[in-house]
Amino acid sequence: MPACCLHSPAAHSAGAGRPRGPGPFLALWLLLALGGCATSTLEIEPLDAPSELTGVQTKTVGDISVAVAILTDSQARAHFGADLGAKDIQAIWISVRNASDNNLWLLRNKIDQDFYSQDEAALLLKKTVPDSQFEKFSQRLRDESIRLKMLPGMITEGYIYLPRAVGGRYVDIRLAQDSYELDLRRTTGDGELSSQEPGTYLELRFGFALPLPDGIFDYERLDTEHTYPGMDLPNLDTEELRATLADLPCCASDTGGNHGDPLNVVIVGDSSDVLSSLSASGWSFTHRITIGSVRRLVGATISGDSYPVAPVSNLYLFGRKQDFALQRARDNIAQRNHMRLWLAPFRYLGQQVWVGQVSRDIGIKVTPKSPSLTTHIIDPEVDLTREYLLHSLLAEGFVKRFGFVSGAPVATREQPRENLTGDPYFSDGMRLVVILSPDPVPYNKVRNLLWERSAEPVKEGQSRAASRNVRPIVSGQ
């Protein structure tokens with residue numbers, strides 16, 4: 001956008017209160033400036049997918065295909081003629097090819113319940129568009145928004161406008177069958193719904209993990225094909241997997257081999273499914289440790305601000321630091337759930353196996369053991385965070401099977417263990433094992449591996465006094 005197209009209150013009020021019009025040179029400048037704005041601000045640069053859009057992903061279920069992509073700030077600025085990034089708005093391009101015989105509805109709320117309506121986005125961007133062009137700009141946002149009804153035999157494309165998600169986001173596209181048509185076919189001559197045909201409403205789900213790299217996210221360096229170059233990785237069956245997981249080291253370590261946080265989680269699934277399912281369950285990517293990210297981390301620590309993609313300190317397993325980390329950030333930098341994952345040197349039934357450590361950060365303290373001179377304080381109830389991970393995946397339907405296997409450190413509340421920075425923790429010593437499903441699995445279809453039973457989180461940290469909160473049902477209650 002040329003400089004003249006930036007909305008400037010001073011420019012609009014330059015001649016306010018003057019009895020005479022502007023001088024000839026000022027009038028000529030204004031004419032040229034406004035003329036340039038009118039022609040360039042709202043000229044659309046079409047983005048022909050997938051040739052010009054970057055990172056387009058496509059999935060197909062039966063006769064339905066869905067493609068999505070996130071516009072970068074520069075693409076959005078060129079396409080819409082306004083700086084969406086300045087207002088932390090992301091434009092998501094969606095294309096639905098409906099080759100079925102059904103009308104389908106896009107459930108927009110499932111993508112993001114805090115989406116911006118077309119006119120809301122226009123109003124937020126109003127100061128970046130000349131006043132004379134605002135109505136035209138607003139209409140363009142309406143015209144380019146994706147329609148919610150997907151007609152049979154048609155390709156429907158358009159944009160949805162969302163709050164910015166740093167580093168990438170999970171886009172959950174849900175398409176539901178038109179209930180009017182289905183129930184119309186089920187009605188009798190009296191207008192009542194037929195009991196002979198219960199009717200099932202078709203709902204299709206297309207999930208996409210869309211990264212938006214900035215050059216310092218750790219997942220950007222993920223290269224699983226070359227993690228173990230030249231090695232013929234063993235392909236384990238279920239019992240071999242159980243035995244191998246139980247024999248792994250108890251904990252992640254520092255460069256000197258000193259034990260740190262417990263290795264308490266194992267995820268089975270290829271890297272794309274791991275990133276997709278975790279981002280869908282609310283986990284976000286993390287920055288690598290760089291001078292810039294450490295500076296930002298220190299600043300957020302001092303101010304108490306949020307840093308949703310803050311780096312995670314390095315721990316080591318299989319001779320290297322974690323392959324990538326994820327976190328569930330909160331409003332304060334001191335509070336988050338975080339997880340480190342390492343690709344294991346073995347596979348399970350042809351799938352990748354990821355060994356990890358998950359814990360909850362509940363505070364920050366100063367320490368010389370960290371490159372940022374600060375470190376997070378972990379919640380001592382590490383099993384509760386392990387359960388949090390399981391529940392977040394179960395809630396989104398990404399779990400095919402799960403179970404528990406021993407191998408992590410056993411520690412009690414009375415005799416806790418410590419991590420590398422001296423934070424105490426207690427645990428039943430179990431590792432959560434999750435076998436992911438790329439397709440949604442309802443809870444009643446999830447199966448337990450039936451290996452070992454875990455202890456009850458929360459109960460582990462309670463004293464005998466808490467037993468009064470669990471009591472038998474008596475008559476009359």
Side-chain angles (χ1 to χ4, degrees), residues 245-266 286 289 294 297-298 301 310-330 332-342 354-390 404-433 452 454-464 466:
L245 296 179
D247 288 339
L248 289 174
C250 71
C251 312
S253 304
D254 62 11
T255 53
N258 300 303
H259 287 164
D261 298 75
L263 295 169
N264 55 357
V265 62
V266 177
T286 60
I289 297 177
V294 169
L297 176 62
V298 172
T301 302
V312 172
S313 60
N314 293 332
L315 290 178
Y316 293 81
L317 178 67
F318 305 132
R320 65 183 188 278
K321 69 179 183 68
Q322 67 268 10
D323 293 312
F324 68 99
L326 297 107
Q327 60 189 298
R328 284 291 304 261
R330 297 159 75 185
N332 190 302
I333 186 63
Q335 300 163 333
R336 65 177 180 178
N337 294 322
H338 73 271
M339 176 167 54
R340 303 174 176 89
L341 290 171
W342 293 262
W354 300 83
V355 180
Q357 170 275 320
V358 65
S359 58
R360 175 185 288 260
D361 294 328
I362 57 176
I364 287 181
K365 64 181 180 181
V366 177
T367 174
K369 298 181 180 180
S370 169
S372 65
L373 301 179
T374 61
T375 189
H376 284 86
I377 303 169
I378 69 166
D379 188 332
E381 294 194 63
V382 291
D383 294 352
L384 186 61
T385 313
R386 182 189 68 193
E387 207 79 8
Y388 179 94
L389 170 64
L390 173 61
F404 294 89
V405 63
S406 58
V410 177
T412 64
R413 183 176 60 86
E414 294 77 18
Q415 294 182 304
R417 293 175 64 108
E418 292 185 351
N419 67 2
L420 288 167
T421 56
D423 293 336
Y425 68 86
F426 47 89
S427 171
D428 61 3
M430 294 293 168
R431 290 177 173 139
L432 167 67
V433 181
E452 300 179 58
S454 64
E456 296 180 49
V458 178
K459 181 181 179 181
E460 289 178 285
Q462 293 181 333
S463 67
R464 287 183 176 274

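Quick note: residue numbers are just sequence positions, from 1.
Once rounded to the nearest 0.5 Å, the distance linking CD of Gln322 with OH of Tyr316 reads 8.0 Å. For the atom pair CG of Asn419 and OG of Ser359, the computed distance is 8.0 Å after rounding to the nearest 0.5 Å. Note that CG of Asp323 is 9.0 Å distant from CG of Leu317, once rounded to the nearest 0.5 Å. In this structure, OH in Tyr388 is found 15.5 Å from CD in Glu381, a value given to the nearest 0.5 Å. Arg413 contributes atom CZ, which lies 9.0 Å from atom CD of Gln462 (distance to the nearest 0.5 angstrom). Residue Leu432 holds its CG atom at 12.0 Å from OG1 of Thr385, rounded to the nearest 0.5 Å.
Between Leu315 and Trp342, the closest side-chain pair of non-hydrogen atoms falls below 4.5 Å. Val355 has its side chain within reach of Phe318: a pair of non-hydrogen atoms, C-beta onward, lies under 4.5 Å apart.
Between Cys250 and Pro409, the shortest heavy-atom distance links the atoms O-CD, 3.5 Å. The two residues Ser253 and His259 make their nearest non-hydrogen contact at OG-CD2, 3.7 Å. Minimum heavy-atom separation, Ser454 to Arg386: CB-NH2, 3.6 Å. Here the closest heavy-atom approach between residue Leu341 and residue Gly356 is recorded as CD2-CA, 3.8 Å. The shortest heavy-atom contact between Asp379 and Val382 is O-CG1, 3.7 Å. Taking all atoms of both residues into account, the shortest heavy-atom contact from Ala411 to Phe426 is O-CB, 3.3 Å.
A donor-acceptor pair under 3.5 Å is absent between the side-chain atoms of Arg431 and the main chain of Val266, judged by distance alone. Put simply, the side chain of Asp261 never gets that close to the backbone of Gln357: no donor and acceptor are under 3.5 Å apart. Between the side chain of Glu452 and the backbone N or O of Ser406, at least one donor-acceptor pair lies under 3.5 Å. At least one donor-acceptor pair under 3.5 Å links the side chain of Asn264 to the backbone N or O of Val358.
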Could you walk me through whether Asp383 and Met430 pass side-chain contact (heavy atoms from CB on, under 4.5 Å), step by step? CA-CA 8 Å; Asp383 294 352; Met430 294 293 168; over 6 Å; no
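No more than 12 heavy-atom neighbours from other residues, nucleotides or ligands sit within 6.0 angstrom of CD on Glu456. For Gln415, the CD atom counts as loosely surrounded, since its 6.0 Å shell holds 12 or fewer non-hydrogen atoms of other residues, nucleotides or ligands.
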